[in-house]
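Hydrogens, waters and symmetry mates are skipped; everything else that's a heavy atom, side chains included, is used. Residue numbers begin at 1 in each chain, while the letters A, B, ... track the order of the sequences. All values derive from a computational prediction rather than experimental measurement.
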Number of protein chains: 2
Amino acid sequence: MGPKAAEARTRTPLTRERVLQAASDLADRDGLEALTMRALADALGVEAMSIYYHLPNKDAILDGVVELTFTEVGTEAHGRGTGRSQADAAGWAPAVRERILGARRVLLRHPWAPVVIDQRKSFSPAMVRHVDGIVGIMREAGMSHDLIHHSLHAIGNRIYGYVQELSDDGQAPPPGQLDEMQSFAPNLAAMLADVAHVDPESTLGWCDDQTEFEFGLDLLLEGIERRRLAEAAA
Amino acid sequence: MGPKAAEARTRTPLTRERVLQAASDLADRDGLEALTMRALADALGVEAMSIYYHLPNKDAILDGVVELTFTEVGTEAHGRGTGRSQADAAGWAPAVRERILGARRVLLRHPWAPVVIDQRKSFSPAMVRHVDGIVGIMREAGMSHDLIHHSLHAIGNRIYGYVQELSDDGQAPPPGQLDEMQSFAPNLAAMLADVAHVDPESTLGWCDDQTEFEFGLDLLLEGIERRRLAEAAA
DNA sequence: GAAAGAAACCTCACGTTGTAAGGTGAACAG
DNA sequence: CTGTTCACCTTACAACGTGAGGTTTCTTTC
């Protein structure tokens, strides 16, 4: 009713990019479940339905933020000195490793991204580019397409810099629950008790996510390297 | 109002188990997104709110169906001849492998389960028991708790018989999209084109999910075995 | 049998979600 | 001045999970 003149401020018009950036920021700050159309509109100083003028629906927004995240992955890879140059036969594994850890660094800043990625199994161009870079490195090491293909599947989620949940906050199991576990899962209980004691004040609660990630990654890369050598010998 | 006498049929009363079984069946048949309180109640011949008498909320139902699925995994493991007996130092890997592939067989019958598991990261007793069995096998092979711990993380999702999406229907990418990809992801495009041609009438569209799963699993098991030998030598 | 009490189920309603349909005001073209 | 187009808003709806409280059905006790 009122002349609400105060909001006639040179309001920068919405764009696809501004919406997606706001969506990413909102998810970073308040979590994925807080990313609703109304909340997003609110963050943009706009009504919910206005967003639909720039993006068809919420799925497009989810696809969009994943795309945006992997654009970030792309710049992360360029920043480091991991050019294609050192991707000879010997150095392919470290090169791939660095690419993957780079992606992981970005994804750690957007913990909601993994969730969106594999609940929507989105394939954005930026994502494809990331995979393509890794394929390129492997190809330059002389691996067959078949071996590369299997290897991508083997590495799985890890290509994108995560596996399972990132923000797992690997915290120690409550002692009460561990006692209960002793009765029907003695091996697991023993392991947990043992491992928790080894380094009581580790970086995280009781297991360092990054270490685990790299352990698994290296296991795979070693195995792939052995397959590559077998292939080269044939 | 009406005397609705027809429905006075000896209706078996709801129980937690009946609800969970119906939920699992419903998800099997119509997919996870079809598993709503109202639809579930309908399948049970009951109103939605009646379910709340037996289960506190929907999360409890999701936890419950995962539990139920892993009970199935437990019986699957017992059926096979993969007792602890052959879990000596040499045979630990095949034993673990069989346990994992057994879990996979079950999870393939419930494609929604992986989604629920890692979107809710549920830890049911039956799930814990499954992991415990694997820890037991590794322990009997003389591995340290530390190595076992790392190994579990390395295997990751695969412990539960899946990785990423199960019902991926790994079908060939549409040729149009592949052409477009050629411009900005040449390595990937080349690989896809190449691999698709190798065996045109494979079991699945163009890559066999089971083969990929086992490839990755074996890569990891081999690597772990080498770590175990290194540990034993020390 | 009847009456009391508990157990099992239902009705109604609310808040939240994504989004279809269509309205409103500003900028601009003729 | 008049229409068209763009950008945004208002209203509304169906589907979701679920709180509050009413109603039916079964069981127990006399």
In whole angstrom, what separates [X]'s [atom1] from [N]'s [atom2]?
X: B:Asp42; N: C:dC9; atom1: CG; atom2: C1'; value: 15 Å
X: A:Leu14; N: D:dC9; atom1: CG; atom2: C1'; value: 13 Å
X: B:Arg16; N: C:dA8; atom1: CZ; atom2: P; value: 15 Å
X: A:Leu32; N: C:dG18; atom1: CG; atom2: P; value: 11 Å
X: A:Leu40; N: C:dT17; atom1: CG; atom2: P; value: 12 Å
X: B:Glu47; N: C:dC10; atom1: CD; atom2: P; value: 5 Å
X: A:Tyr53; N: C:dT19; atom1: OH; atom2: C1'; value: 17 Å

Minimum side-chain heavy-atom gap A:Arg99-A:Val73 below 4.5 Å = no
request  = Verify whether one side chain among A:His149 and A:His145 offers a donor that lies under 3.5 Å from an acceptor in the other.
outcome  = no
message = Does the protein touch nucleotides 11-17 of chain D at the base, only the backbone, or not at all? Give it as B, S and - per nucleotide, heavy atoms under 4.0 Å.
response = BB---BB
task = Return the orientation label for the B:Phe70 and B:Tyr160 ring planes: parallel under 30°, perpendicular over 60°, tilted otherwise.
result = perpendicular
inquiry  = Under the criterion salt bridge (Lys or Arg N to Asp or Glu O under 4.0 Å), I'd like the reasoning laid out for A:Arg105 against A:Glu72: C-alpha separation, chi angles, the key distance, then a yes or no.
reply    = CA-CA 10 Å; A:Arg105 261 174 260 129; A:Glu72 223 178 299; over 6 Å; no
remark   = The reported gap from CG in B:Leu220 to CD1 in B:Ile100 (rounded to nearest 0.5 angstrom) is 9.0 Å
ask   = When you check the phosphate oxygens OP1 and OP2 of C:dC9, does a side-chain N or O of B:His54 lie under 4.0 Å from one of them?
value = yes
inquiry  = Does D:dC9 have OP1 or OP2 under 4.0 Å away from a side-chain N or O of A:Ser50?
reply    = yes
inquiry  = Under the rule for ring pair (Phe, Tyr, Trp, His ring centres under 6.0 Å), what residues qualify as partners of A:Phe215, not counting sequence neighbours?
reply    = B:His150
